[in-house]
Amino acid sequence: MLRRSWLLLIADIALLQASAMAFNPSAYRKHTANCKAIRRAPTTEVVDLQLKYVDINPKASTTLLMVHGWPSLWSTWSKQIEEFQDDYHLIIPDLRGFGASTHPGDTRSSGTLGDMVGDLVCILQEANVGSAICMGHDWGSTVCYEAARLRPDIFKAMIGVVVPYIPSAGPFVAMKDLALVFPALTYQLFFDTLTDAAVAELDRDIRRTVRATLRTVDSPPPESFLKDKESFLAAWDEFEEIPPIPFFTPEEEDYFVDQYSLNGFRHTLQFYTHHNRFIGWELANSQGNHTIYQPVLAIYPTQDPVSNWVHVAKHLNSSDFLPNLTTKLLPGAHWVHLEHPSEFNELVREWLSATPWQDEKGHYKHVDEL
């Protein structure tokens, strides 16, 4: 009996320790960057944005800018924040339209990749940062690639997670044509062509929406998920309740739901609209500087239901435009940095330690303070 009591006590202590160590996004202070933005419709005008970001360890010499994708927030970098917060200066924003970050109000044409690069530059200026390594997941990866292309004076290296570099050297490819080759991108047609219906569906039950999307290999979505051009969630209809997000604590999931409840999903769909995609392509195609010379680490999951990203990268000839590319593969689904954080963080840390990058004066330095 005494032994059983001791075992229960030890278990309780372990549970308390685990709770104390759990990531608590509400404990982090958010800063606000007041930035200018272009609203392109119904008329073109300059408007003010308030972009929220978390700023950690500002005295560190090297800044990591962590850029989320969809449907994410700054807090989906939780495992990387815990790993790197003592060694790097971390800037982690909520992109325009996400959480409490405001939006120009025109979803269809006022959320281009170039717009978001401008937002990132504004946030770095607000944080008094002259240069950074950009690490992005999903659409955040695409934003970081565009940041490195547009502003090599600021973004000295980058890490792209899941989505490869999509050079704009060739003709514009509409999503309806991409979906024929990659069927799991069909949901993007729903977001673009039936935006109001998509917003209504996503906003109806935010917890169900995020649970449907943030899955793992061991807790996958239905096979038909993402392949419907008239609904995002219909594949889950036979499930009365979708299991909790596997890599979140209940508190993290609650925070996620609370943050998305502030403004809903409408403006987060900016990534998927034809107008934003075309404007972004048109800018890059006209500029012609498609090669990114900075060091790049690309990390692709091998079990993502969205796509075979190694195949996509080859199809796009991404490596032809990335002369300083390092590619790593990890088992896992779309949220590989949360599904396998230890393995992911080890790859990132090793690459950061071994990769030379330029400081603000253009001199190459070695990131070896670790």
Side-chain angles (χ1 to χ4, degrees), residues 32-53 67-72 93-126 136 138-151 154-155 163 166-178 185 187-200 202-203 260 262-290:
T32 301
N34 295 298
C35 305
K36 298 295 182 182
I38 297 174
R39 181 166 60 207
R40 297 183 178 87
T43 59
T44 301
E45 60 180 312
V46 176
V47 298
D48 294 318
L49 292 185
Q50 289 75 48
L51 301 175
K52 303 297 182 178
Y53 67 98
V67 185
H68 67 77
W70 190 94
S72 291
D94 279 335
L95 296 177
R96 62 168 65 186
F98 288 80
S101 288
T102 61
H103 192 275
D106 163 35
T107 305
R108 302 204 66 77
S109 62
S110 298
T112 70
L113 293 178
D115 291 335
M116 294 190 208
V117 172
D119 292 348
L120 296 183
V121 172
C122 177
I123 289 170
L124 291 178
Q125 290 173 341
E126 177 71 24
D138 181 71
W139 279 106
S141 174
T142 306
V143 173
C144 280
Y145 278 118
E146 184 66 355
R149 189 194 71 80
L150 276 174
R151 297 301 305 267
I154 295 175
F155 299 98
V163 177
I166 306 173
S168 298
F172 178 76
V173 181
M175 184 50 61
K176 63 182 178 62
D177 298 316
L178 277 175
L185 298 181
Y187 73 98
Q188 298 193 19
L189 293 175
F190 176 52
F191 289 173
D192 178 35
T193 62
L194 298 171
T195 307
D196 288 344
V199 171
L202 297 171
D203 284 351
Y260 268 97
L262 295 174
N263 292 301
F265 282 92
R266 176 171 296 277
H267 297 312
T268 73
L269 299 187
Q270 62 201 331
F271 289 118
Y272 302 100
T273 69
H274 175 85
H275 291 79
N276 279 324
R277 291 185 64 245
F278 182 79
I279 293 170
W281 169 85
E282 188 175 42
L283 172 65
N285 183 263
S286 65
Q287 290 180 331
N289 57 328
H290 306 297

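Note that this is a predicted model, so its numbers are computed, not measured.
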Given the rule in the side-chain contact (heavy atoms from CB on, under 4.5 Å) test, do Leu49 and Asn34 qualify, once you have shown the distances and angles that lead to the verdict?
-> CA-CA 6 Å; Leu49 292 185; Asn34 295 298; over 6 Å; no
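- In plain terms, the two heavy atoms of Gly136 and Cys144 that are nearest each other are N-SG, 3.5 Å.
- Residues Gln50 and Asp48 form a side-chain contact, since some pair of their non-hydrogen atoms from C-beta on lies under 4.5 Å apart.
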Going through the checks in order, is the side-chain contact (heavy atoms from CB on, under 4.5 Å) test met by Leu283 and Thr112?
-> CA-CA 10 Å; Leu283 172 65; Thr112 70; over 6 Å; no
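- Taking each heavy atom of Ser101 and Leu95 in turn, the nearest pair found is CB-O, 3.4 Å.
- Counting all heavy atoms, side chain and backbone alike, Gly170 lies closest to Asn285 at O-ND2, 3.5 Å.
- Remark: side-chain polar atoms of Asn276 are paired, donor with acceptor, to backbone N or O of Ser110 under 3.5 angstrom.
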Tell me, with the steps shown, if Thr32 and Lys52 meet side-chain contact (heavy atoms from CB on, under 4.5 Å).
-> CA-CA 5 Å; Thr32 301; Lys52 303 297 182 178; 2.6 Å; yes
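- Between His103 and His267, the ring planes lie parallel to each other; the angle is under 30°, not in the 30° to 60° tilted range.
- With rounding to the nearest 0.5 angstrom, the CZ atom of Arg149 is 4.5 Å from the CG atom of Asn289.
- Defined by atom type and a distance below 3.5 Å, a donor-acceptor pair is missing between the side-chain atoms of Gln270 and Arg108.
- Here the CG atom belonging to Asp192 is positioned 8.5 Å from the CE atom belonging to Met175, to the nearest 0.5 angstrom.
- Between atom OG of residue Ser109 and atom CZ of residue Arg39 there is a gap of 10.5 Å, rounded to the nearest 0.5 Å.
- Taking the six-membered ring for Trp and the full ring otherwise, the centers of Trp70 and Phe271 sit at least 6.0 Å from each other.
- Salt bridge Arg40/Asp106: absent, no basic N to carboxylate O contact under 4.0 Å.
- Counting all heavy atoms, side chain and backbone alike, Ile123 lies closest to Pro93 at CD1-CB, 3.6 Å.
- In summary, the aromatic rings of Phe172 and His274 are positioned with their centroids under 6.0 Å apart.
- Interatomic distance, Arg96 CZ to Cys35 SG, rounded to the nearest 0.5 Å: 9.0 Å.
- Salt-bridge check for Arg266 with Asp203: failed, with every basic side-chain N at 4.0 Å or more from each acidic carboxylate O.
- Annotation for Val163 and Ser141: closest pair O-OG, 2.7 Å, computed over non-hydrogen atoms.
- Here the closest heavy-atom approach between residue Thr102 and residue Leu51 is recorded as O-CD2, 4.1 Å.
- Rounding to the nearest 0.5 Å gives a distance of 13.5 Å between CH2 of Trp139 and NE2 of His68.
- Taking 4.5 Å as the limit, some side-chain heavy atom of Val199 sits within range of a side-chain heavy atom of Thr195.
- In this structure, Tyr260 and Phe265 have parallel ring planes: the angle between them is below the 30° cut-off, well short of the 60° mark.
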Test side-chain contact (heavy atoms from CB on, under 4.5 Å) applied to Val121 and Gln125, step by step = CA-CA 6 Å; Val121 172; Gln125 290 173 341; 3.8 Å; yes
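- The environment of His275 atom NE2 is sparse: at most 12 non-hydrogen atoms of other residues, nucleotides or ligands sit within 6.0 angstrom.
- Rounded to the nearest 0.5 Å, atoms CG (Leu269) and CZ (Phe191) are 5.5 Å apart.
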